[in-house]
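What you are looking at is a predicted structure, and each value in this text was computed from that prediction instead of being measured. A, B, ... follow the sequence lines: proteins, then strands. Residue 1 opens every chain.
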Number of protein chains: 2
Amino acid sequence: MSEEPNREIARNSLLLKSFPKSYVDTLLARSTWHSYDRGETLFLHGETARSIHIVIDGWIKLYRIAANGGETVVSVFTKGESFGEAVAFKNRKYPVSAEAVTASQVIQIPSNVLLDMMRKDLDVSVEILASTFTHLHSLVSQLEQLKAQTGAQRVAEFLLEFCDEEAGSSMVTLPYDKVLIAGRLGMKPESLSRAFAKLKPLGVRISRNHASIDDIERLREYTEEDPATSWNKVL
Amino acid sequence: MSEEPNREIARNSLLLKSFPKSYVDTLLARSTWHSYDRGETLFLHGETARSIHIVIDGWIKLYRIAANGGETVVSVFTKGESFGEAVAFKNRKYPVSAEAVTASQVIQIPSNVLLDMMRKDLDVSVEILASTFTHLHSLVSQLEQLKAQTGAQRVAEFLLEFCDEEAGSSMVTLPYDKVLIAGRLGMKPESLSRAFAKLKPLGVRISRNHASIDDIERLREYTEEDPATSWNKVL
DNA sequence: GGCCATAAATGACAATAGTCAAGCGATTGC
DNA sequence: GCAATCGCTTGACTATTGTCATTTATGGCC
C-alpha cells in the first residue's frame with residue numbers, strides 16, 4: 001500500500017490541517033487505514049463509536065433508517081472531510097449509519113488517541129469543537145433549506161456549492177448518483193428530474209454526471225427568491 | 001435579585017450538572033445573568049459569539065431568516081438547556097438568531113472563562129463536546145422527521161416528546177404558541193390545526209394549551225407508520 | 001451492429017401542504 | 001354588556017411532490 005499520497009491527503013484534511021505537524025504524525029501512526037467497496041457498511045446506527053473517521057477517497061453517506069423503513073440521507077462526505085468527532089469521545093452510540101457509496105478509503109483515529117492529545121494541548125480540543133461546529137452549521141443550513149425552499153431551489157443551491165467561481169459560467173461534476181442527490185435533498189428521484197427541468201430555462205444543463213451553469217449569479221438569485229411571498233412569518 | 005433558586009437551576013442544567021462543583025462555582029461567579037422580555041432578541045445571525053447561554057426560565061427560540069425573508073425555527077430551548085457551545089470557542093459568528101418567546105432568564109458564560117477551565121481539566125472539554133453532540137443529534141432527528149414523515153406524524157412525535165409515561169394516557173402542556181410549534185415542525189399554523197384534527201380519531205384532544213392523549217402506544221405506532229409504503233428506498 | 005440491463009425522464013393521478021378569506025371563541029377594554 | 005381584538009380553526013382552491021406505469025436513453029456485451 002503506497003501510503004504517501006494518502007498521508008498527504010490526511011494531513012490536509014479539514015480536521016487535521018490546523019494541528020501541529022508533530023501531533024499529526026503521532027495521530028496517523030496510531031490510526032488505521034481502511035478500504036471499503038461500494039455499498040459496504042462502515043458502522044450502523046446504534047453501534048458504539050470508538051473512533052473518528054477521515055475520508056481519504058470516495059464518498060461516504062451518513063443515513064438513518066426510520067422506524068417505518070424509510071431512509072434519510074443525513075450527509076455525504078468526501079476527500080478531506082471527517083465525521084464522528086462529537087460522538088466518539090464519550091463512546092456514545094452512533095445516531096446514524098455510514099455506508100460507502102463508492103469504493104472509498106478512510107482513516108480511523110481511535111478516540112482515546114485523540115483524547116490523549118487533547119489532554120496535552122487545548123488547541124486540539126478547540127479545533128475538534130470547531131470541526132463539530134461546522135457539521136452543526138451544515139445541518140442547520142439543511143434544515144433551513146428543507147423548510148424554506150422549494151425542490152428546485154434546493155437543487156440550485158446544491159449545485160452552487162460545487163462551483164468554485166463567484167459569477168459567470170461553470171461546469172460542475174455531480175458527485176454521486178442521482179438517487180443519492182435526491183435523498184440528500186429530501187426528495188424523490190422523479191422530483192429531482194423535474195427540478196432539473198425547471199432549472200433548464202435558467203441556464204442549467206445536465207448531461208450524464210456533469211452540470212453546466214450559464215450564469216451563476218442568476219442561479220443564486222433564483223435560490224433566494226420567495227417560494228411564495230414569505231414562508232413563515234412568525235411575529 | 002434572589003439568585004439562590006436560579007443558581008440551583010443552573011447547577012442542574014444539562015451542561016453543568018456533570019461538572020465538578022468547585023468549577024461550577026467559579027463559572028457562575030464569572031458569568032452574567034440576563035432577563036429578557038417576550039420578543040426580545042438575545043443575538044442576531046452573524047454576530048460574533050462570545051459566550052454560552054443557559055436558559056434558567058422561559059423559552060428561547062433559535063431561528064434563521066432566509067435570504068427571501070422566510071423564518072425557520074431551528075430549535076427551542078427551555079429551563080436547563082444550553083446553546084452556543086460550539087460556536088463560542090473560536091469566536092465564530094452565530095449561524096442563527098435567538099429570541100425570547102416568553103419572558104426569560106438566561107445565564108451567559110463568557111467563552112474565555114470556559115476555555116480556562118478546559119485548559120485545567122479535560123473532562124470539561126469532553127462534557128462540552130457531549131452537549132454539542134446532543135444538539136447535533138437532535139438536528140439529525142429533525143431532519144429525519146422532516147424528510148420522512150407527514151405533518152400529522154411530526155405533530156404526534158412532537159407531542160410524545162413531552163410525555164413522561166411510556167404507555168397509557170397522558171396530559172401534556174403545550175410549551176409555546178401554536179404558531180411557534182408550527183414553525184418548529186416546519187409547517188404553517190393552518191396545517192398544524194389540520195394535523196391536530198387528524199390526530200383526534202387517534203385519541204388526541206387539544207384544548208387551550210393542553211393536549212390529552214388517550215393511548216400513547218397507539219400514537220407511537222402511528223408515528224412509525226409508512227407515509228406510503230416506504231419513503232426513500234435508496235439501493 | 002443489435003440486444004439487454006440499468007438509469008433517467010415523462011405523463012397521469014393522488015396526496016399533502018400552502019394560500020387566502022371567512023368564521024368562531026375567548027379575552028380585554030370601555 | 002358590547003365591541004374590538006387576537007388566536008385559532010375551517011373551507012375552497014392551488015401548487016408541489018410523491019406514486020406508479022411507461023418510455024426513452026445509455027452503456028456494456030456478445
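Residues meeting the side chain to side chain donor-acceptor pair (under 3.5 Å) test with B/Glu81, sequence neighbours left out: none. In terms of the side chain to side chain contact (heavy atoms under 4.5 Å, CB included) criterion, residue partners of A/Asn12 (sequence neighbours excluded) are, by chain and number, A/Glu8.
The pair A/Arg154-A/Glu157 does not meet the salt-bridge criterion, since no charged nitrogen lies less than 4.0 angstrom from a carboxylate oxygen. Salt bridge absent: A/Arg218 and A/Glu221 never bring a charged side-chain N and a carboxylate O closer than 4.0 Å.
A straight line from CD1 of B/Ile181 to C1' of D/dT9 spans 15 Å, rounded to a whole angstrom. Note: CD (B/Gln149) to P (C/dA17) measures 11 Å, nearest angstrom. Atom CD of A/Gln153 and atom P of D/dA15 are 16 Å apart (whole Å). Across the protein-nucleic acid pair, B/Leu185 atom CG and C/dT16 atom P stand 17 Å apart, rounded to whole Å. B/Met187 has its CE atom 14 Å from the P atom of C/dT19, to the nearest Å. For A/Lys198 and C/dT10, the NZ to C1' distance is 15 Å, given to the nearest whole Å. If you take CG of B/Leu146 and C1' of D/dG18, they are 15 Å apart, rounded to a whole angstrom.
When every heavy atom of B/Tyr94 is checked against every heavy atom of B/Arg50, the shortest pair comes out as OH-N, 4.2 Å. Closest approach of B/Val179 to B/Pro189, counting heavy atoms only: CG1-CG, 4.0 Å.
Within the structure, a side-chain polar atom (N or O) of B/Ser191 is placed less than 4.0 Å from OP1 or OP2 of C/dG18.
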Any N/O pairs under 3.5 Å between the protein and nucleotides 7-9 of chain C? List them or say none.
unit_1, atom_1, unit_2, atom_2, d
C/dA9, OP2, A/Ser193, OG, 2.5
C/dA9, O5', A/Ser193, OG, 3.3

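Looking at A/Arg194, its side chain comes within 3.5 Å of the base of D/dT19 through a donor and an acceptor atom.
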